[in-house]
Protein chains: 4
Amino acid sequence: MESSTTHSDNTRHRGNRHGRSEEARQAVLEAADDLLAERGFAGVTMEGIAARAGVAKQTIYRWWPSKVDVLLEAFTEDMAEHLTPEDLGDLGADLRVHLARLADFLTESDPGAVFRALTGQAQHDPQLAARLRDDHLSHQRTRDALPLRRAIARGDLPADLDVDTALDHLVGPIHYRVLVTGAPVPREFTDDLVAAFLDRHRAGPR
Amino acid sequence: MESSTTHSDNTRHRGNRHGRSEEARQAVLEAADDLLAERGFAGVTMEGIAARAGVAKQTIYRWWPSKVDVLLEAFTEDMAEHLTPEDLGDLGADLRVHLARLADFLTESDPGAVFRALTGQAQHDPQLAARLRDDHLSHQRTRDALPLRRAIARGDLPADLDVDTALDHLVGPIHYRVLVTGAPVPREFTDDLVAAFLDRHRAGPR
Amino acid sequence: MESSTTHSDNTRHRGNRHGRSEEARQAVLEAADDLLAERGFAGVTMEGIAARAGVAKQTIYRWWPSKVDVLLEAFTEDMAEHLTPEDLGDLGADLRVHLARLADFLTESDPGAVFRALTGQAQHDPQLAARLRDDHLSHQRTRDALPLRRAIARGDLPADLDVDTALDHLVGPIHYRVLVTGAPVPREFTDDLVAAFLDRHRAGPR
Amino acid sequence: MESSTTHSDNTRHRGNRHGRSEEARQAVLEAADDLLAERGFAGVTMEGIAARAGVAKQTIYRWWPSKVDVLLEAFTEDMAEHLTPEDLGDLGADLRVHLARLADFLTESDPGAVFRALTGQAQHDPQLAARLRDDHLSHQRTRDALPLRRAIARGDLPADLDVDTALDHLVGPIHYRVLVTGAPVPREFTDDLVAAFLDRHRAGPR
DNA sequence: ATCTAATCGAGACGGTACGTCAGGTCTTCGC
DNA sequence: GCGAAGACCTGACGTACCGTCTCGATTAGAT
């Protein structure tokens, strides 16, 4: 029954004692995303978002302290579903699939572009850096760690594995290519990362 | 060789037919560096540099297209000597020392801060990204590769080693911590990177 | 007659099915007056009145089209009693007392300050000008004219006297000083106006 | 030949160490005048002036503290030549002509409209009031007084005449009609003011 | 010894975006 | 149905920098 666009509309309102306009919120987030995609980070301005979203500047300032906050929310919204590793029951397969997806996310997707922009901006803004870490990165790292934790549970990895360091070794080179060298991140590269990791850590007679 | 450094000279001049004012150049570079250190990237403005350097805006625009070019030059200047790995004759030792220095450079030094700021800005500006790669990163990677190349020459590493990928595995996680997670990069972390690399690649009997 | 002044009641209500809140009305008028006195005309804003009166903006807009309407009502209320000339039975005495009071009203009193502000605003707003004339000025001029009409009735002034023009000559210079030159309007000045008028018009050989 | 668009032009410049752009100054003053005439005082905004004059807002703020300053300068410029009474050698004639012109200026002319707007604004802004008096009104009153001073010199008026008060009696009623009642100011009205003045003051047995 | 050309500090210029403030409209809910 | 609350769009405010420009002074090489 929700928002059924039939005749009278009705969810449409402007100004309301109880709660903000969801309509305006969505319009702002979309406008920010679109502007980033079309014109780059410098092209994302409060003025521009407002104009494109058909929203008053004041409405943006009421709910978001700055344009990076808008992008941050847009980003968080966008990537809820992304990048949760599957459970194939095999450590190597899990990691290979997940790292390949991560590489694809960072280099190809729209939310990946937002991530790069925000990470770039975070180099100039420690507060944003902290927020990125707290609101997003920590969750992502928890998801990234899932295959490792499952393997530990299965006995495929030693119980005392330093998971944090292991993750840095696995995803660090990917981020480095994306953020620093700009080199592509092909499947061979991610597979090789997994191979290196398995060589070193997998409990193994062989 | 023109306008050559004939003995004394002496550089102090305002207006000059041939050649620019070295005095003004230095003042600009220092002002930009200082502003970055004191007020962050957003605090570096052409107007601010000009005021602080006691120089006309036009003088800056005459020699540098944008503020990132000023920072880039300041940066290049500053880090000529840094980060050239020593030759201790031993691959493990060479790498451990070099990665530790790299980590220290990125996290502690002033030019490291400039690097982080420029890399951040490069996420919004593909042209800057390309310039960073061409003017700086390629040289740095050549330096980073020296220990590996020497080890190959000595026969301590296989001749067909993929040096680029190896470098990514070694320095990627360090950059990832610096640019993304903000985690510290202690000596144990860099030593462990080296250990993982040696485990995998060192020609080894056992 | 509903909700009428029956014994206690007592007027205090927030939200009410029958009729508006006298409490809110008074609070608005006072807030507007106070703001004008304290911060000048520019300091009188709908937002400010609402905040100070503890009233919603909408409540103001429901009853007054604009802030000048609020001031106008406050003004009308304040000056009902003021400036009705006494009847001393003597034209000269009546005029001298009345003009002195008028001068004092315009230069010293709070409602006089409101009058100056509204007249100032009326220069930018023809609708306000018309309303000021219709709602206030015409009544005031009728009162101003009383001494003259009584003198005509007594035969102390010619029956064909152009009362409008005479009034302009009497009160015009006072308003001019108040609104334009900012010069003080002492008793000698107003008495001299009366003297000039009597010289010219009073029937009389002697 | 002026402004002839021929090739180089040359008086045209934008930005200059020595002195401001006369071109911009004129454009601003004209734009302000035009806006006042077309849309009233409320229609005169810094933004609007800038847009209409094809000038940056900052350029206006650089030279004028507020929009009333712009209008004040436009006004001063416009009325340099206006309202200097002629010398016909006869007090009555001089005054009649001058007051008629004054009335016409105030009610009909563009600079008269600016004067009314500024005087209106001065009711809300004591600083503007002071500036209006110092920069403009004092000079105008000196001009207004000329016929009286000439008549005194000729012996047509007593040497001890209180010129200030006399001026207030003469021009006060005109301003009162213009600013307060909004009544027209026909020739009969101004002539009558002169007649009243002459009746009272002109040396004369007869 | 003059002339010429390049550079310098200075700063005004047309602009874009900033973040804030008030205006006037609309919607909800309690009384 | 009134009143408090407050979100909303609109539009102007005054400021900070942008990148371009024009000036007068300074200086070194060319004539």
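Protein chains get the first letters and strands the later ones, always in sequence-line order, with residue 1 at the start of each. Bear in mind the structure is a predicted one, so any value in this text is a computation, not a measurement.
For the side-chain hydrogen bond (donor to acceptor under 3.5 Å, both in side chains) condition, the pairs that include at least one residue of residues 27-38 of chain C, sequence neighbours left out, are C/E38-C/R52. Listed by first and then second residue, the salt bridge (charged side-chain N to carboxylate O under 4.0 Å, His left out) pairs involving residues 116-132 of chain B are B/D69-B/R131 (not counting sequence neighbours). The stretch residues 40-72 of chain B participates, sequence neighbours left out, in these ring pair (Phe, Tyr, Trp, His ring centres under 6.0 Å) pairs: A/H124-B/F41.
In this structure, C/K67 has no salt bridge (Lys or Arg N to Asp or Glu O under 4.0 Å) partners at least two apart in sequence or on a different chain. The side chain to side chain donor-acceptor pair (under 3.5 Å) test applied to D/E47 returns D/K57, not counting sequence neighbours. Looking at residues two or more places apart in sequence or on another chain, you find a side chain to side chain donor-acceptor pair (under 3.5 Å) between A/Q26 and A/E22, A/E77. A/A27 is linked by a side-chain contact (heavy atoms from CB on, under 4.5 Å) to A/A53, counting only residues two or more places apart in sequence or in another chain.
Rounding to the nearest 0.5 Å places CG of B/L35 at 7.0 Å from OG1 of B/T45.
The number of heavy-atom neighbours closer than 6.0 Å to CZ of B/R62, taken from other residues, nucleotides and ligands shown, is above 12.
Between B/R62 and E/dC8 there is a side-chain N or O to OP1 or OP2 distance below 4.0 Å.
Proximity of residues 116-129 of chain B to DNA chain E (heavy atom under 4.0 angstrom from any strand atom) is not detected for any residue.
Between A/G54 and C/T59, the one whose closest nucleotide on DNA chain F sits nearer the 5' end is C/T59.
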Legend entry - Nucleotide-resolved protein contact map, nucleotides 11-16 of chain F, B/S/- at heavy-atom distance under 4.0 Å: -BBBB-
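Direction of the helix axis in the helix from E/dA1-F/dT31 to E/dC31-F/dG1 shifts by 0° between the two five-pair termini, rounded to 10°.
Between the CZ atom of A/F41 and the P atom of E/dA17 there is a distance of 14 Å, given to the nearest Å. Between the CD atom of D/E22 and the P atom of E/dA12 there is a distance of 16 Å, rounded to whole Å.
Looking at B/T76, its side chain does come within 3.5 Å of a backbone N or O of B/L72 through a donor-acceptor pair.
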